[in-house]
Amino acid sequence: MTHGPAALPCKVCGAAAPFLDSCDFNAHCERAASPRLLPPSGVAVPYYRCPHCGFMFTQFMDGFSPRDFAERVYNPDYRLVDPDFEERRPAALAAYLLNHFGTLPLALCDYGGGSGRMARAINAAQRGLRATHWDPFFSHAPKPVGKFALVTAFEVFEHSPTPAPTLADMLSMTDANRLVLISTLCQPADIGTQRTGWWYCAPRNGHISLHTCDSLEHLADDAGIRVTHLDSAIHLFHDTLPDWLRPFLRAHGVGRSGA
């Protein structure tokens with residue numbers, strides 16, 4: 001497969017990120033279990049990896065318009081490559097958030113929440129937690145006004161071609177505590193061997209920004225906040241941590257919050 005420049009500026013830290021490898025545009029997250037799900041497209045997608053912060057990315061979709069994303073990525077076939085997107089993941093995430101925050105009178109915004117199924121499930125429970133959602137790709141409604149005690153972004157960060165502006169947009173929706181809870185899977189230790197063969201490297205799923213703990217910490221530093229890694233997939237960007245959040249951190253084995 002061909003590729004573009006030998007190196008590109010890292011979208012996170014600005015260091016020269018050399019070309020790593022290419023994969024077919026139709027490479028998807030289910031390819032190990034269902035290798036014949038989609039035929040090869042014949043279109044090569046080049047990925048680069050920063051030697052400084054480890055961020056792995058492609059510029060392939062940088063020029064995509066919302067219509068391009070809707071037609072080429074988030075089209076009706078998207079459910080084939082992300083079968084949990086419509087029902088199972090929103091239901092599981094709603095249960096997760098209700099378990100930790102359900103009794104609290106908090107306003108939450110699910111950023112990148114698709115059709116809003118998770119937010120509706122939270123509100124249907126009729127507990128203290130109140131939820132709304134907004135998705136830059138799926139929502140036709142205007143961006144919610146006001147500030148939220150917590151902004152969540154599950155399986156969103158890896159889809160963003162602009163990591164720093166996306167984080168800034170999320171933070172703009174938070175109140176003074178500036179809490180953003182995201183899920184994105186950090187690269188494995190052997191990414192240098194797996195390269196674009198890593199199952200999470202999947203342009204057909206829109207996975208174009210693949211992080212490390214270091215790259216997330218660099219984004220947090222630039223935004224003037226901190227990030228606490230609850231595990232390899234769940235990360236909390238924060239400023240001042242409110243008392244109501246501390247049981248949640250303890251439940252995830254975080255003894256020192258860094259507050």
Check your understanding: Yes or no on side-chain contact (heavy atoms from CB on, under 4.5 Å) for Y200 and N205, after CA distance, side-chain angles and deciding distance?
Key -> CA-CA 9 Å; Y200 205 63; N205 286 71; over 6 Å; no
Check your understanding: Is R120 reaching over with its side chain to a backbone N or O of S115, donor-acceptor style, under 3.5 angstrom?
Key -> yes
Practice item. Give a yes or no answer on whether the side chain of D135 reaches the backbone of G114 with a donor-acceptor pair at less than 3.5 Å. Key: yes
Point to revise | Distance in Å, E71 CD paired with F64 CZ, rounded so as to fall on 0.5 Å steps | key: 10.0 Å
Review point. Hey, what do you get for CZ (F69) to OH (Y78), rounding to the nearest 0.5 Å?
Key: 11.5 Å
Review point. Do P40 and N26 have side-chain heavy atoms sitting under 4.5 Å apart?
Key: no
Review point. side-chain contact (heavy atoms from CB on, under 4.5 Å) between F248 and L104: does it pass, once the steps are laid out?
Key: CA-CA 12 Å; F248 171 76; L104 302 175; over 6 Å; no
Exercise for review: Side-chain contact test, heavy atoms from C-beta onward, threshold under 4.5 Å: evaluate it for I234 versus Y96 and give yes or no.
Suggested key: yes
Exercise for review: I would like to know whether H211 and V12 meet side-chain contact (heavy atoms from CB on, under 4.5 Å); could you show each step before the answer?
Suggested key: CA-CA 10 Å; H211 285 274; V12 169; 4.3 Å; yes
Exercise for review: Keeping the roles fixed (side chain from R117, backbone from E86), state whether a donor-acceptor pair exists under 3.5 Å.
Suggested key: yes
Check your understanding: Does any non-hydrogen side-chain atom of I122 lie less than 4.5 Å from one of L98?
Key -> yes
**Study point:** From SG (C201) to CD1 (I208), nearest 0.5 Å
**Key:** 11.0 Å
Check your understanding: Out of F55, F19, F60, which residue meets the ring pair (Phe, Tyr, Trp, His ring centres under 6.0 Å) rule with Y48?
Key -> F19
Check your understanding: So do C10 and H52 actually touch side chain to side chain, heavy atoms under 4.5 Å?
Key -> no
Exercise for review: Identify the heavy atoms of V156 and Y111 that sit nearest to each other, and give their distance.
Suggested key: CG2-O, 3.4 Å
Review point. Which pair of non-hydrogen atoms, one from P35 and one from A32, has the smallest distance, and what is that distance?
Key: CD-O, 3.9 Å
Review point. Do side-chain atoms of T132 reach the backbone of C109 as a donor and acceptor pair under 3.5 angstrom?
Key: no
Exercise for review: Without swapping roles, check the side chain of R130 against the backbone of L108 for a donor-acceptor pair under 3.5 Å.
Suggested key: no
Review point. What's the spacing between D190 CG and W198 CH2 if we round to 0.5 Å?
Key: 10.0 Å
Review point. So, E155 and R89, do they make that salt bridge, N to O below 4.0 Å?
Key: no
Check your understanding: To the nearest 0.5 Å, how far apart are CG in L181 and CG in L230?
Key -> 6.5 Å
Practice item. Spell out, as yes or no, whether a donor-acceptor pair under 3.5 Å connects the side chain of H252 to the backbone of V254. Key: no
Review point. Do S232 and L185 touch side chain to side chain, with heavy atoms closer than 4.5 Å?
Key: yes
Point to revise | Shortest non-hydrogen contact between V81 and E30, atoms and distance | key: O-CG, 3.6 Å
Review point. Which is it for D222 and L167 under the side-chain contact (heavy atoms from CB on, under 4.5 Å) test, yes or no, and what are the steps along the way?
Key: CA-CA 10 Å; D222 283 352; L167 177 60; over 6 Å; no
**Study point:** Residue pair T184 / H235: nearest heavy atoms and the distance that separates them
**Key:** O-NE2, 3.0 Å
Review point. Cut-off 3.5 Å, side chains only: do T240 and N177 have a donor facing an acceptor?
Key: no
Check your understanding: Which is it for T212 and Q187 under the side chain to side chain donor-acceptor pair (under 3.5 Å) test, yes or no, and what are the steps along the way?
Key -> CA-CA 6 Å; T212 63; Q187 298 166 32; 5.4 Å; no
Review point. Which atom pair, heavy atoms only, marks the closest approach of C213 to C186?
Key: N-SG, 3.7 Å
**Study point:** P90 side chain near F154 side chain, heavy-atom distance below 4.5 Å
**Key:** no
Review point. Between the side chains of T228 and H238, does any donor sit under 3.5 Å from an acceptor?
Key: yes
**Study point:** Side chain H133, main chain M118, donor-acceptor under 3.5 Å
**Key:** no
Practice item. Using the side-chain contact (heavy atoms from CB on, under 4.5 Å) rule, pick out the option among I191, D21, T196, L210 that qualifies with R49. Key: I191
Review point. Between the side chain of R246 and the main-chain N/O of D243, is any donor-acceptor distance below 3.5 Å?
Key: no
Review point. How far apart are the closest heavy atoms of G63 and D68, and which atoms are they?
Key: O-OD2, 4.1 Å
Practice item. Report, as yes or no, whether the 6.0 Å neighbourhood of atom CZ on R79 holds more than 12 heavy atoms from other residues, nucleotides or ligands. Key: no
Check your understanding: Taking H28 for the side chain and R204 for the main chain, is one N or O donor matched with an acceptor at less than 3.5 Å?
Key -> no
**Study point:** Under 3.5 Å: donor-acceptor pair, side chain of S160, backbone of F157
**Key:** no
Check your understanding: Can you tell me how far CZ of R72 sits from CG of D77, rounded to the nearest 0.5 angstrom?
Key -> 13.5 Å
Point to revise | Side chain proximity check, L179 to L241, heavy atoms < 4.5 angstrom | key: yes
Check your understanding: Any ion pair linking K11 and D62 (charged N to carboxylate O, less than 4.0 Å)?
Key -> yes
Practice item. Please tell me if the side chains of P203 and Y47 come closer than 4.5 Å, counting only heavy atoms from C-beta onward. Key: yes
